2 protein chains.
Amino acid sequence: MSDTETSETILDAAEELFAKQGFAATTIKQIGAAAGVNPALTYYYFDNKEKLYRAVLGRLIGTIATQGARQLDPAPAPDQAVRALVGVQSETLIGRPTLPRILGRELVDHELSHASDHLAHLSATLFSRLCELIRAGQEAGTFRDDMDARFAAISVISLVPYFHIARPVMGILLESGPDGPDVETMRAYGRHVAEFALAALAAR
Amino acid sequence: MSDTETSETILDAAEELFAKQGFAATTIKQIGAAAGVNPALTYYYFDNKEKLYRAVLGRLIGTIATQGARQLDPAPAPDQAVRALVGVQSETLIGRPTLPRILGRELVDHELSHASDHLAHLSATLFSRLCELIRAGQEAGTFRDDMDARFAAISVISLVPYFHIARPVMGILLESGPDGPDVETMRAYGRHVAEFALAALAAR
DNA sequence: GTCTATAGGTGGATAGAC
DNA sequence: GTCTATCCACCTATAGAC
């Protein structure tokens, strides 16, 4: 196996296990077993467990950044932009089921942890863009202006991630089993959120 | 120290640490130290780490159940009921800062875990009540009826918890530091969510 | 009920052969 | 690059004195 192949295999296994069990509960030996690779190799490629975790985070953030770029490039009407943002959020989280779980853990842990500045910076950028967008809509008269733009932005970007982070619970609530809702249901929820958010923002 | 006093002290310390670090990363020795008590006492009162964690969960769920009961007793107009639900959610999560963190971890972990059936049952009950409420509002004409009631219910109950689970990130986004927003801001957000949700649900 | 001592096991990490 | 063997630290849990 070539260098990159092996390290990639380890990264895949690690991502899966960190998502499923969290950082502390996951052992290097488990990762080696899951990757079908000698556990000692983890140290050859990643020095230690902490750096391995960061490498996993780095790859995930790369995914988000790529997807995120898509949603900000064209700046159409505010309501179309909100729709696009929600859509990309939804597709990103559906496409990488390990993302919401690791993200969820990072959100809760943020204080102590690993919490990459990248992530904080990225979400801050995205957040302030969304705030501007909402303010623009308010000035244009399409959005109601008796709502704090920052709180509204938080509400909008909360809806989709929570659904995916709490996926097993959503499975119970929607009676589709503990594995969570199927892909079509998740897509449908994404479309619902766009409607819900725009209805909340719309001027009367 | 009397029995209950000691076990209560241990529970307090454990709740704090489990919230801050999670189950796997928290050690019995840390708990003993934080509680100012001999670590071996943990086993005297709670048998093992797992059962201690369940005891912590049990206390927290008790809190939720007590608060939750309040919000369902009187059944006023649907929009008032939504307002009340959001308000209680917000106050409960503000009042017990350790609740959203442990809850967040449970949400992510639900599969494997400890995830008490109590919690699942409780949220399911609350959820189906909210669904009925929304459907009632739709039939009464106060809520728009071109929205799936279950999806709408999920959206409504997502808004407040996400804010508290991601509290450190919210601190960054709202520029109030990594400790998260202050109590007044959290209250204000709760009020905002009520407006946001009702605007989203309202018939045109 | 509380404390000390310790058994028993596992995890992260390294040294060194191949 | 890969694998074996192993060290050391630390964690859960128990036995037993007080």
Side-chain angles (χ1 to χ4, degrees), chain A residues 1-59 101-102 105-106 109 112-116, chain B residues 1-59 101-102 105-106 108-109 111-116:
Chain A
M1 231 189 282
S2 75
D3 301 25
T4 57
E5 233 178 283
T6 304
S7 70
E8 212 75 5
T9 309
I10 294 173
L11 273 178
D12 290 341
E15 183 177 318
E16 206 70 41
L17 285 167
F18 285 144
K20 197 177 298 182
Q21 311 174 336
F23 179 79
T26 300
T27 74
I28 299 290
K29 287 173 191 179
Q30 286 176 342
I31 294 172
V37 146
N38 192 299
L41 284 176
T42 300
Y43 296 98
Y44 177 77
Y45 285 106
F46 299 98
D47 279 16
N48 58 42
K49 194 181 165 186
E50 184 80 23
K51 285 187 186 167
L52 169 61
Y53 182 74
R54 280 190 203 284
V56 169
L57 262 189
R59 253 197 349 183
R101 307 192 66 172
I102 291 187
R105 294 179 194 283
E106 280 302 308
D109 268 336
L112 307 173
S113 82
H114 330 105
S116 53
Chain B
M1 227 190 287
S2 76
D3 303 21
T4 58
E5 233 177 284
T6 304
S7 70
E8 213 76 5
T9 311
I10 294 172
L11 273 178
D12 290 341
E15 182 176 320
E16 206 70 42
L17 285 167
F18 285 143
K20 196 177 301 183
Q21 309 175 338
F23 179 78
T26 300
T27 73
I28 300 291
K29 287 178 190 177
Q30 285 176 342
I31 294 171
V37 145
N38 191 301
L41 285 175
T42 299
Y43 295 99
Y44 178 76
Y45 286 106
F46 299 97
D47 280 15
N48 58 43
K49 195 180 163 187
E50 184 80 24
K51 286 187 186 168
L52 169 61
Y53 182 74
R54 281 191 201 282
V56 170
L57 261 189
R59 252 196 352 181
R101 306 193 64 172
I102 292 187
R105 295 179 194 282
E106 280 302 309
V108 180
D109 268 335
E111 293 180 27
L112 307 173
S113 84
H114 331 102
S116 53

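Keep in mind that what you see is a predicted model, and the values were worked out from it rather than measured.
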Is any side-chain N or O of B:Y44 closer than 4.0 Å to OP1 or OP2 of C:dC3? no
Expressed in angstrom and rounded to an integer, what is the separation of B:L41 atom CG from C:dT2 atom P? 5 Å
For A:T26, which residues count as a side-chain hydrogen bond (donor to acceptor under 3.5 Å, both in side chains) partner, sequence neighbours excluded? A:Q21
Taking side-chain contact (heavy atoms from CB on, under 4.5 Å) as the test, write out the residues that go with A:A24, two or more places apart. B:A24, B:A25
Sequence neighbours left out, what passes side-chain hydrogen bond (donor to acceptor under 3.5 Å, both in side chains) with B:D12? Give chain and number order. B:R59
Using whole Å, report how far OH of B:Y53 lies from P of D:dC11. 19 Å
Note, A:I31 side chain near A:F18 side chain (heavy atom, < 4.5 Å): yes
Write out all pairs satisfying salt bridge (Lys or Arg N to Asp or Glu O under 4.0 Å) with one or both partners inside residues 28-46 of chain B, taking only residues at least two apart or from two chains. none
In whole Å, I'd like the distance from the CD1 atom of B:I31 to the P atom of D:dA13. 11 Å
Annotated protein contacts, base or backbone, on nucleotides 11-18 of chain C with a non-hydrogen cut-off under 4.0 Å, one of B, S, - each: SSBB----
Please enumerate all residues that pass side-chain hydrogen bond (donor to acceptor under 3.5 Å, both in side chains) together with B:D47, with sequence neighbours excluded. B:K51
